[in-house]
Amino acid sequence: METLFETKDLTIAFGGHIAVDHVTISVSANQFKSIIGPNGAGKTTFFNLLSGQLSPTEGEIFFRGENITKLSSTERTRKGIGRSFQITNVFPNLTVLENVRLAVQSQAGIRYQILSHFKKYKDLEAKALEWLEMVMLEDKQETLAINLAHGEKRKLEIAMLLALNTEVLLLDEPTAGMSLEEVPAILDVIRRIKEKGDRTILLIEHKMDMILDLSDSIMVLFNGRLLADGTPEEIMQNETVQSAYLGGIHS
Amino acid sequence: SNSEQTESEGNEGTEGTTETEEAPKEPIKIGLLASQTGGLEAYGEQTLRGFELGLEYATDGTMEVAGRKIEYIVEDTETKPEVAVQKATKLLEEDEVDFLVGSSSSGDTLAVLPLAEEYEKIMIVEPAVADSITGSEFNPFIFRTARNSSQDAVAGAAAIAGEGVKIATFAPDYSFGWDGVAAFKEAAEKLGAEIIHEEYAPADATDFTSNIQKIIDAKPDYLFVVWAGANSPWNQIADMKVQEKGIKISTGAPDIAALATMEPLIGMEGFTVYYHDLPQNDMNAWLVEEHKKRFNGDVPDLFTPGGMTAAIAIVEALKKTEGDADADTLIETMEGMSFDTPKGTMTFRPEDHQALQALYAIKLEKKDGVPYPVPVLIRELSPEETAPPIRN
Amino acid sequence: MDVFFNLTLNGLATGMLIFLLAAGLTLIFGLMDVLNFAHGGLFAWGAYSGTWLYATTGSFIIGILGAVVTGLILGLITERVIIKPVYGNHVQQILITLGLMLVLSELLKVVWGPNQLSATAPDFLKGSFELGGIIIIKYRLFIIAVGFLVFVTVQYVLKNTKIGLVVRAGVMNKEMVQALGINIKKVFMLVFMVGSGMAALGGVLLGPYSGVIHAEMGMEFAILAFIVVVIGGMGSFPGSILAAILVGLSGSFMAYYVPDLALAANMLLMAVVLIFRPQGLFGWKG
Amino acid sequence: MNDSRSMMILFTQVFIFAIFAMSYDLLLGFTGIVSFGHAMFFGIGAYAVGIFMKQFEPTLPYFLLAVVITILITAIVSYVVGLLTLRLKSHFYAMLTLAFASLFLVLAEKWRTLTHGNDGFTFRTPELFRDRLDFYLICLVSMIVVFLLLNRFTNSPLGKVLQAIRENEQRTESLGYSVIQYKIIASVVSGVLAGFAGILYSVSLRFVNTSVFTMDITLDALLMTIIGGVGTLIGAIIGAGLIEFAHHWLTELAKVHWIFERWIIFFGIIYILVVMFFPRGIVGTVRNIKMKSKKRVIEKSEQQKAAG
Amino acid sequence: MSIQLKLEDVETYIGQFHILQGISLEVRKGEVTVLLGRNGAGKTTTLRTIMGLNPSTKGTITFNNEEIQSLPTYSVAQKGIGYVPEDQGIFSELTVEENLKVAMKNESDRTKERLDYILNLFPDLKKFWKKPGGLLSGGQKQMLSIARAYVNDNELLLIDEPSKGLAPIVVEKVMESIIEMKDKTTIVLVEQNFMMASTIGDQFYIIDDGQTVQNGAMEVLKEDDEMRRKYLGIA
Ligand SMILES: Nc1ncnc2c1ncn2[C@@H]1O[C@H](COP(=O)(O)OP(=O)(O)OP(=O)(O)O)[C@@H](O)[C@H]1O
Ligand SMILES: Nc1ncnc2c1ncn2[C@@H]1O[C@H](COP(=O)(O)OP(=O)(O)OP(=O)(O)O)[C@@H](O)[C@H]1O
Ligand SMILES: [Mg+2]
Ligand SMILES: [Mg+2]
């Protein structure tokens, strides 16, 4: 299988605290990989390094063989690495539709257009609506994002990522706080994307059933270090994972 | 075109006939620009009071000259050039004034000067002090009854400069200060003095001790201070023991409110534009008397006689033209015109229309019953003596 | 060497004076994050009321206390009427406090007239003495002492009570602080009052420093206070005092050694500090 | 007729400040950047014209040259200032712009051969601007053109990204927009337009002095924008009108009744009342009310549907 | 068992939106009452209304036989009600220590004891004692938020989705801690993790469209597949 991206000795330290510690992985195209690990293990930080929110103190990141370590998050998004955020991160005083439309607009490469009036971009809006329907948020399209309930914000977050239509999707606890009823629906969306087979997905989650259900492979971070990387079965057998992460519930 | 309009309107009632005594004449209108709000509002108030009294005095209370009534309209410039221009335009366009008088700040006045020329109306500048008003920015419609920076400087120099005297200057770091020092330097050097140090400080500074330190280091005989504005250095000059180090201080005495802050400088010799008991003449006596009567016992202040002078200059000129307010006629009349003022006789110099006037060499003294140091006359500096160079 | 000492001492004193002016703003702007453009109005009211009280009663202490009380009262009214509706909204704060500033400084003229007033120190603080070539101005020593005292007191209170924390927490998340059982409105009101009282104290102490007070002094010194709070790092008292002393010293030394730049001294200092430390001297990172 | 002449001058002033305030709104309302130094661009324009008209000839070619120079300088300065948004956040950025504007003020004060310091200087303008009616029309047209341009600009895809930056800078970046470039674009457009307003201002006065670089000028823009309603453009125009006219009427009243002699108090009270009754500025609040009543109508009809 | 908290027909508007349209519930002392419902149903708003953060417009809220619906938030909190908000409400520029310090009502030995207990429960917090709250990981923030509500002796705790973002082993610990303190502290819990909700819950209420539509003992819900499917979308 073709390797889509890889990290070499990826490391970041905040002051004295090493949050990600020499992590070397490679992810092949169209794979579904999950990342698990205790709170504070460095999962989100690892995403931040991949998406360019943070730059590493050491190590490199390659995307399709190209070294992208020095690229900004903007450039990485344009290259095809999109992400969602663990802490809801939307445009609070814009409507739900406008939020998604901004993502669609970026995806369409309409960035510095001044002359053509925005209203002409009906199809952008139509596309944005499609994404909203996909996450079951279409009836909230005129609501300001700040007024959404928590779970609704999570859905918006996902819609914005999907609208970017990037080849790589980095999903940071997409369903945290989402209701029991809707988790399956969102999982469905993710599954469908996976099944189309043209996306590479990295997922951070603490919901083990979901991870086991979706993942081709799982990597485990512990104190910033890569503890294990393997198939779901292998990982579930891992002693440390059992005792220090899952605890009694899954044993 | 505007003056045509005024005339045709003025002639409406008497169309076809030559002017006769009985025909009711249009009033003379004067537009007064002054700061009535903001930092300079005290100056504005002085000018206004003086002007009102001046009109009364000059017309013997009739408020008429050559058969024409005199009206005046006051506008507040707020010490902002753009407001000054707006208000001046309003006076010229809407009220169709025949004269402008003003204003309290040099900046406002400079902004208005071109309007006088554009509308061909006489503007009496009072009490703005910038040299450039009758210098580089001069136009023939401008007459100034106020003294200018150079006159101040000449007076200041006359009070202290002499052969071999070493002088340091201290002034705020903006046009007013630079102008004042430059003019002083010229005048003082003419008298044989030497300017050994020029010190400037931001006008709004809190701490002047560094500047004073440098002046002390320069060891002059005199320190000549050009200062205006509320934030004054007098306290710190006293605290730094400048006088104890054998450096005599000199400056222009300001208005009464500011004199109150000059307690530490008692004994200082300098000059002033006006203090109410300095000029000894009937008109000044009248001014002091009337002013007290009208403004519950207050005496006229630094710029009150200036306002009065501006009024008198207008009335005197109109008397001479028999009520004709045409600018060209007025210019011809006023150039070289001498007239009496609370400060004695003044003369509009023909070249730059600056009124030559007396200033006063004074000493600050403590007087019983007066809550501020009082300027006491050393000698009157004659108009000829204080005549500034012509620079237009 | 004498010159150096003179410049240092006077710069330090001026710095302390500026600190006194900025201390109230460090609370109101730095800690509470209220862009209070009317702060200068409080200086001026402190200065006028204090100077007037001193002149009428003959007691400098009464003057100072009177100024502080005036500041507290004005602070109370201001907080209740003007600031309370606009917490957390900088745009509205700018407009409403600028309005208040106009009202405050014009009212001064209604009460005390448009003229500047002279302000003097009491006799025991008047004048100066020389100590081996160094001129020491008594009032400046007094200012240094008061400044130091204010700094120590405030620092002690902030370090030994939760109040500073509560205010900062309240600015970040007002609801949560209340959900923790704290009446944040009352805390804000008290802190605002104290800040206003300190502004008035700065104002009344400024009077004898320059010898005059005038209605326009407010805006002039308010900008200086804002500079100090920002380059010190928002809400940090050690930052404010350091920044104030830097402003004082740079003013003093620049006026002596590079007089051409003295006019720009404060702004240059601020530009340099901010370009090299974008969060201010004692600002938190991030 | 005469009365309207005087009004005309007032309106000219309104138009000029409306342009200035709109340029400020682009920063404050649309991009979320607070600047305390906007006067620097205004001043650059004002002085460029003044100096050219004074030092050379008051002719149209020189005027145009002054315009070009203004555009160049304001563009360069606003580019640099815009770059600094990268480093400095909120208050710190605002204060830095204040420092820059103050340095321009000092420069104007000190470079006396050119500027005559704070006394300033008068100059003649090209023939075209001498008639006040013509100039009034020029300013009116300029304001309309600037409004239309900015309206188009802010409603363009680019403008939408600016609003996104105002809302959440970091998120905008991760959507694939290069935030700093947008901020610089906004800064430059705003700076150049402010410079243009400065040009018109000094032409209207035929005089320029250091007051064009002062904090007061920035505050004017700030107040007008906020009173009208930030992020609305039209609000900046209404704000400019309101402030200029309130000012005009209050000073007139001062002559009529002594109560208004301290008219500045009433001026201050107006600001306070605007915040209390129009918390989002006049346009913002009115729009809000309209939107609410529209929603209510929709809700009602929905309820009726549900009931029916 | 006595009823500690009671809501009767509570309605709440946010702006002009009618969010709560009739919430009635009874919370018994020493029990864990779980609020369930889909996204946007009004669970969070219910907790916020109890806290006085979104004041009710109708109905009564009684806590220990005292009506509290018109009290300001801080008074409600002072009555002994602790709150863990859904968005964690961390003071991001304050350190972990300072976050806890703001929350502490006093510095008694009892508080210190509780602090020890908390730091034992969440060792991460001890590790990052001096770190600004905003820099913590998502789960660590959640721990801090819970910890803030735990430092005081509260009679009632309102906890909004505590398990969100926590590693399974930590969820377990939180569950244990809740069970442990049940006898002293009554708990109202909003929780999407049904495993957790059903394990520790005694009573349940289902909220739908701003109304309480079902309630009963947790045991009942566990058995009733139909009800779960209808309101919670799970079987
Ligand atoms: N900007 C930062 N500065 C300092 N420390 C940080 C920063 N970001 C993260 N950390 C620290 O790095 C560690 C890893 O954090 P990270 O957010 O990656 O954890 P995580 O694995 O995503 O945890 P969780 O499951 O709780 O979300 C944590 O201890 C956190 O406090
Ligand atoms: N400030 C607000 N303005 C307008 N509507 C709001 C506001 N806050 C919440 N809402 C709406 O109120 C409804 C209930 O919100 P609430 O947060 O109580 O739901 P919830 O049950 O907690 O949902 P979740 O499980 O997603 O957290 C939602 O539809 C939400 O959109
Ligand atoms: Mg995380
Ligand atoms: Mg919720």
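What you see below is based on every heavy atom in this structure, not just the backbone, and it leaves out hydrogens, waters and symmetry mates. Computed from a predicted model, the values in this text were never measured in an experiment. All chains are named by letter (A, B, ...) in the order of the sequence lines, taking the proteins before the strands, and each is independently numbered beginning at 1.
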**Asked** Looking at B:K214 and C:P259, what are the two nearest heavy atoms and their distance?
**Response** NZ-CG, 3.6 Å
**Fill in**
With chain B, the option among C:T120, C:L7, C:N115, C:L263 that has the most non-hydrogen atom pairs under 4.5 Å is C:L263
**chain C contact via B:A201 - side chain, backbone, both or neither, heavy atoms under 4.5 Å** = neither
**Request:** Measure across C:S252 and B:D207 and return the closest heavy-atom pair with its distance rounded to 0.1 Å.
**Result:** CB-OD2, 4.1 Å
**Message:** Return the OH to CD distance between C:Y139 and B:Q236, rounded to the nearest 0.5 Å.
**Reply:** 11.5 Å
**Item:** For chain C, the option from B:K245, B:E45, B:E199 that forms the most heavy-atom pairs under 4.5 Å
**Value:** B:K245
**Prompt:** Just by modelled atom types, is the B:T261 backbone N or O under 3.5 Å from a matching donor or acceptor in the C:S118 side chain?
**Reply:** no
**Asked** How about C:F221 and B:T206: do any of their side-chain heavy atoms sit closer than 4.5 Å?
**Response** yes
**Prompt:** Side chain, backbone, both or neither: which part of C:I213 has an atom under 4.5 Å from a heavy atom of chain B?
**Reply:** neither
**Asked** So which of B:A257, B:P264, B:A205 has the largest heavy-atom pair count under 4.5 angstrom toward chain C?
**Response** B:A257
**Complete:** Taking every heavy atom of B:Q213 against every heavy atom of C:Y256, the minimum-distance pair comes out as CG-CE1, 3.6 Å
**Request:** Among B:I216, B:T37, B:D173, B:D255, single out the residue with the greatest number of heavy-atom pairs under 4.5 Å to chain C.
**Result:** B:D173
**Request:** For B:K219, look at atom NZ and say whether over 12 heavy atoms of other residues, nucleotides or ligands are found less than 6.0 Å away.
**Result:** no
**Complete:** Looking only at C:E216, C:E106, C:K138, C:M254, most heavy-atom pairs under 4.5 Å shared with chain B are made by C:E216
**Message:** Tell me whether the count of non-hydrogen atoms from other residues, nucleotides or ligands lying under 6.0 Å of CZ in B:F295 goes above 12.
**Reply:** yes
**Request:** Output, in order, the C-alpha distance, side-chain angles, deciding distance and verdict of side-chain contact (heavy atoms from CB on, under 4.5 Å) for C:I137 and B:T209.
**Result:** CA-CA 10 Å; C:I137 302 172; B:T209 52; 4.1 Å; yes
**Request:** Can you see which heavy atom on B:M240 is nearest to which on C:I135, and at what distance?
**Result:** O-CD1, 3.4 Å
**Item:** Toward chain B, the part of C:A215 with a non-hydrogen atom under 4.5 Å
**Value:** neither
**Complete:** Applying a strict 4.5 Å limit to non-hydrogen atoms, the region of C:L206 in contact with chain B is side chain
**Message:** Taking B:D239's backbone N and O only, do any of them form a donor-acceptor pair with C:S128's side chain (distance below 3.5 Å, no angle check)?
**Reply:** yes
**Asked** Would B:E263 and C:K126 pass as an ion pair if we require N to O under 4.0 Å?
**Response** no
**Message:** Looking at B:W227, I'd like to know if its CH2 atom is crowded, meaning that more than 12 non-hydrogen atoms belonging to other residues, nucleotides or ligands lie closer than 6.0 Å.
**Reply:** yes
**Prompt:** Hey, does B:D217 have a side-chain heavy atom less than 4.5 Å from the side chain of C:V3?
**Reply:** yes
**Item:** C:T14 portion near chain B, given a 4.5 angstrom heavy-atom threshold
**Value:** side chain
**Item:** Note, B:E244 side chain near C:E130 side chain (heavy atom, < 4.5 Å)
**Value:** no
